[in-house]
2 protein chains.
Amino acid sequence: MLTIKDIAKQLGVSVSTVSRALNNHPDIREETKQEVLEAMKRFNYTPNALARSLIQRKSNTVGLMIPDITDPFFSAMAHDVEEVLSENGYQVVYVNTSRRPDKEKRFLNSVMERKMDGIIVTPDFLDDDAKELLQRLNIPVVFLRRRPPEELNMPFVDVNHYEGACRAMDYLFSLGHRQIGFIGMPRYSFTGQERYRGYMDSLKKQGITPAPRGISWNGRTIECGYKAMERLREELPDMTAVFAANDLLGVGALEYTARNGVAVPDQISIIGFDNLEVTDLHWIKLTTVAQPRKEMGRKAAELLMQMMTDNLLTADSITLETQLIVRNTCSGIAR
Amino acid sequence: MLTIKDIAKQLGVSVSTVSRALNNHPDIREETKQEVLEAMKRFNYTPNALARSLIQRKSNTVGLMIPDITDPFFSAMAHDVEEVLSENGYQVVYVNTSRRPDKEKRFLNSVMERKMDGIIVTPDFLDDDAKELLQRLNIPVVFLRRRPPEELNMPFVDVNHYEGACRAMDYLFSLGHRQIGFIGMPRYSFTGQERYRGYMDSLKKQGITPAPRGISWNGRTIECGYKAMERLREELPDMTAVFAANDLLGVGALEYTARNGVAVPDQISIIGFDNLEVTDLHWIKLTTVAQPRKEMGRKAAELLMQMMTDNLLTADSITLETQLIVRNTCSGIAR
DNA sequence: CTGAAAGCGCTTACAG
DNA sequence: CTGAAAGCGCTTACAG
């Protein structure tokens, strides 16, 4: 490996001079600089970023910690995070935690060791150890698609799940529906809770007493949606619409109707949440609530950039709005 | 930031001793070691990986260069790459090239500067500059889902696209089809070419002269598949089956039939390639050829690990087999 | 087993 | 404008 020293020797100048040329320092004669630069090109010299980082206390690296890159949500966000960060000269180290607490902590530790300049995280577990680690990092941290605990004075970028759910419900109300079932994600999930809250509050605002039998808690998969729909149809025969807390559940519900000869939207309306790509498929055309997933990644990266350049450990959070996507699975009630 | 020096001072020992404790060096008394380790814990000391890497010439970092993390293929592979590498103490720096040559080169440069220990790449462009860069890196490189050019003596992990295509065609032949249309991806794409080759050779082996009008080159999207199917039906009215070079195209073809009242598989059989998740949807159930995408990521990472630990710049490539997934879009021909 | 010293490849005051 | 020197936080022979 060629070093700055080799270049200096070749040219009969000092390493300081070479360094100055490399760093575009003003204190160097233009000619000297050109000579040095040319020699570097000639010898295929590449600066050692490690040495540089060590002395400058800046690694130009940021960490991205997500549960699962395989989830279209996270991959969309990861895409944009990388895009804006790499444009700004940062490299991004990514980690799938697979929702494992030990892996989350391991990553946080390597963030310290590697002297990363900032991180974007979507943790699933945040015990006291992890919180302390996060605090001790002493670098900008932004939470993505999740809110940080109160004690951690760190910004987040997330969507307003609650309002999104209200939007879905209001649309259903506007079509005349009153008996609306709910297919939920696992109870412990943050987004699941928020969307449920939107469902409940909307109902109450309309003076409708939620029917406990009209609420089904499940997993987050198509199969879960299928089963939930089956149950709901039995439990609540006069139900005219269903709000599925995510699209996979919605697609599952739709599959149930398709297989069992239930006409959608004529006999029952279905609305989802997320606007996954599949929902736009010809056979599906699920009406749903969209989240700006790419924008979330972009905003998170921009926020982090700002914090890193301004040397801020906190900043204002960003809450993005959802959008109703009307397709073919909801219609007015005809009675 | 606490350093090794601070710990040494606190304990009244030399930095060498502290370093030895940190690195589990044998030349240290067990008691001393424990004392040091304890002090480190007490003071929340974290070693600086940058300094370490600089001196050890090993950054414990590997690069992953892919076109687009948003593509389910690449995200699946990225997931497994990260998993095996992080288990082995490596961090992975990932980059979306967005199929831009300048970004590919920029990444390769940062691989040099950052002194990464190895990389896994799926380049789209490989001009002479890029090839030279790759060569000069002088670290293990494995190509993922793409073959390297001959001059580059580097291993790859890929699927046998050609055989996969033959598998699809043989299945169609076994059902009695002779007039088989082809919906291809862009001509320049490596995988597209291989799958086309499989189509052509299979036809020839059966003594069938390929009908040029039965071949349609398109993009890689659902819409492209839709349009291609439309054209193919006009150009080749007696066509009984279609081989779509990827699933998105196959789904598009299927959408055409659904919208235009063409019964599948009764009037026409359709087979795809990739086994994307959507193909298993109730409305689709596309017969297709599966690629072991997660396994590909895993294998690539394992291969790279092996090369890094054995200090090898080349190794044997790995070709994975495809698998026919029979669902509902193909049937025997009734005449 | 322990310590002093050199050095990894750079940058950054400090003189001149 | 240029160079000599110190130093970033470590590891690694080399003595003892």
Side-chain angles (χ1 to χ4, degrees), chain A residues 1-37 39-40 43-61 89 109-117 138-139, chain B residues 1-37 39-40 43-61 89 109-117 138-139:
Chain A
M1 263 325 73
L2 224 52
T3 74
I4 222 182
K5 228 168 163 177
D6 301 314
I7 302 287
K9 204 170 295 172
Q10 281 296 325
L11 298 181
V13 299
S14 73
V15 293
S16 326
T17 301
V18 179
S19 173
R20 276 188 275 256
L22 192 58
N23 293 290
N24 236 304
H25 195 94
D27 287 353
I28 184 172
R29 198 160 43 116
E30 188 56 29
E31 287 171 51
T32 327
K33 183 163 142 188
Q34 288 314 325
E35 247 177 81
V36 175
L37 258 24
M40 285 178 170
F43 297 128
N44 266 331
Y45 166 77
T46 317
N48 184 327
L50 261 22
R52 232 173 190 171
S53 297
L54 179 59
I55 206 163
Q56 292 183 149
R57 291 144 189 304
K58 181 151 180 17
S59 63
N60 295 302
T61 299
N109 266 310
S110 85
V111 170
M112 288 204 106
E113 297 184 356
R114 261 42 194 239
K115 306 295 170 199
M116 296 187 194
D117 299 327
N138 209 31
I139 57 172
Chain B
M1 263 322 76
L2 222 52
T3 74
I4 221 183
K5 228 168 165 176
D6 302 314
I7 302 286
K9 204 170 293 173
Q10 281 297 326
L11 298 181
V13 297
S14 73
V15 294
S16 326
T17 300
V18 179
S19 173
R20 274 187 277 257
L22 190 60
N23 292 289
N24 235 303
H25 196 94
D27 287 354
I28 184 171
R29 198 158 44 115
E30 188 56 31
E31 286 171 51
T32 327
K33 182 163 143 188
Q34 289 312 326
E35 249 175 82
V36 176
L37 258 24
M40 285 177 172
F43 296 128
N44 265 332
Y45 166 78
T46 316
N48 184 327
L50 260 23
R52 234 175 189 171
S53 297
L54 179 60
I55 205 162
Q56 290 183 149
R57 289 142 192 304
K58 182 152 181 17
S59 62
N60 295 301
T61 300
N109 266 311
S110 86
V111 170
M112 287 206 104
E113 296 184 356
R114 260 47 191 237
K115 305 297 169 197
M116 298 188 194
D117 299 328
N138 209 30
I139 57 171

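To find a chain, count down the sequence lines: A is the first, B the second, and so on, and within it residues start at 1.
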How about Lys58(A): does its NZ atom have over 12 heavy atoms from other parts shown lying under 6.0 Å from it?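 Atom NZ in Lys58(A) is packed in, count exceeds 12.
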Heavy atoms only, 4.0 Å cut-off, all strands: where does [X] land among base, sugar-phosphate and nothing?
{"X": "Thr17(B)", "answer": "sugar-phosphate"}
{"X": "Arg57(B)", "answer": "sugar-phosphate"}
{"X": "Asp27(A)", "answer": "base"}
{"X": "Thr32(A)", "answer": "sugar-phosphate"}
{"X": "Ser19(A)", "answer": "base"}

Among [options], the one nearest [X] by side-chain distance:
{"X": "Ser14(A)", "options": "dA4(D), dT11(D), dT12(C)", "result": "dA4(D)"}
{"X": "Ile28(A)", "options": "dT2(D), dG9(D), dC10(C)", "result": "dT2(D)"}
{"X": "Ser16(A)", "options": "dG9(D), dC10(C), dA5(D)", "result": "dA5(D)"}
{"X": "Arg20(A)", "options": "dT2(C), dC8(C), dG3(D)", "result": "dG3(D)"}
{"X": "Gln56(A)", "options": "dG9(C), dT11(D), dT12(C)", "result": "dT12(C)"}
{"X": "Asn23(A)", "options": "dC1(D), dT11(C), dG9(D)", "result": "dT11(C)"}
{"X": "Tyr45(B)", "options": "dG9(C), dC10(D), dT11(D)", "result": "dC10(D)"}

Whole-Å distance separating the [atom1] atom of [X] from the [atom2] atom of [N]:
{"X": "Ile55(A)", "N": "dG9(D)", "atom1": "CD1", "atom2": "P", "value": "10 Å"}
{"X": "Lys115(A)", "N": "dC10(C)", "atom1": "NZ", "atom2": "P", "value": "21 Å"}
{"X": "Glu30(A)", "N": "dT2(D)", "atom1": "CD", "atom2": "P", "value": "11 Å"}
{"X": "Lys5(A)", "N": "dA4(D)", "atom1": "NZ", "atom2": "C1'", "value": "13 Å"}
{"X": "Leu54(A)", "N": "dC8(C)", "atom1": "CG", "atom2": "P", "value": "14 Å"}
{"X": "His25(B)", "N": "dT11(D)", "atom1": "NE2", "atom2": "P", "value": "11 Å"}
{"X": "Ile4(A)", "N": "dC8(C)", "atom1": "CD1", "atom2": "C1'", "value": "13 Å"}
{"X": "Arg52(A)", "N": "dG9(C)", "atom1": "CZ", "atom2": "C1'", "value": "11 Å"}

With rounding to the nearest 0.5 angstrom, report the CD to CD1 distance, Gln34(A) to Ile28(A).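 Interatomic distance, Gln34(A) CD to Ile28(A) CD1, rounded to 0.5 Å: 9.5 Å.
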Determine, stepwise, if the pair Asn44(B) / Leu2(B) fulfils side-chain contact (heavy atoms from CB on, under 4.5 Å). CA-CA 8 Å; Asn44(B) 265 332; Leu2(B) 222 52; 6.0 Å; no
side-chain contact (heavy atoms from CB on, under 4.5 Å) assessment of Glu35(A) paired with Val13(A): CA-CA 11 Å; Glu35(A) 247 177 81; Val13(A) 299; 5.9 Å; no
Indicate yes or no for a side-chain donor-acceptor contact from Asn23(A) to the backbone of His25(A) under 3.5 Å, with no hydrogens or angles considered.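 Side chain of Asn23(A) to backbone of His25(A): no pair is present.
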Donor on one side chain, acceptor on other, Ser19(A) and Ser16(A), under 3.5 Å: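 No.
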Nucleotide opposite dC14(D) in a Watson-Crick or G-U pair, distances under 3.5 Å: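 The answer is dG3(C), by the H-bond criterion.
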If you assign each of Lys33(B) and Ala51(B) to its closest nucleotide in DNA chain C, which residue comes earlier from the 5' end?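 This one resolves to Lys33(B).
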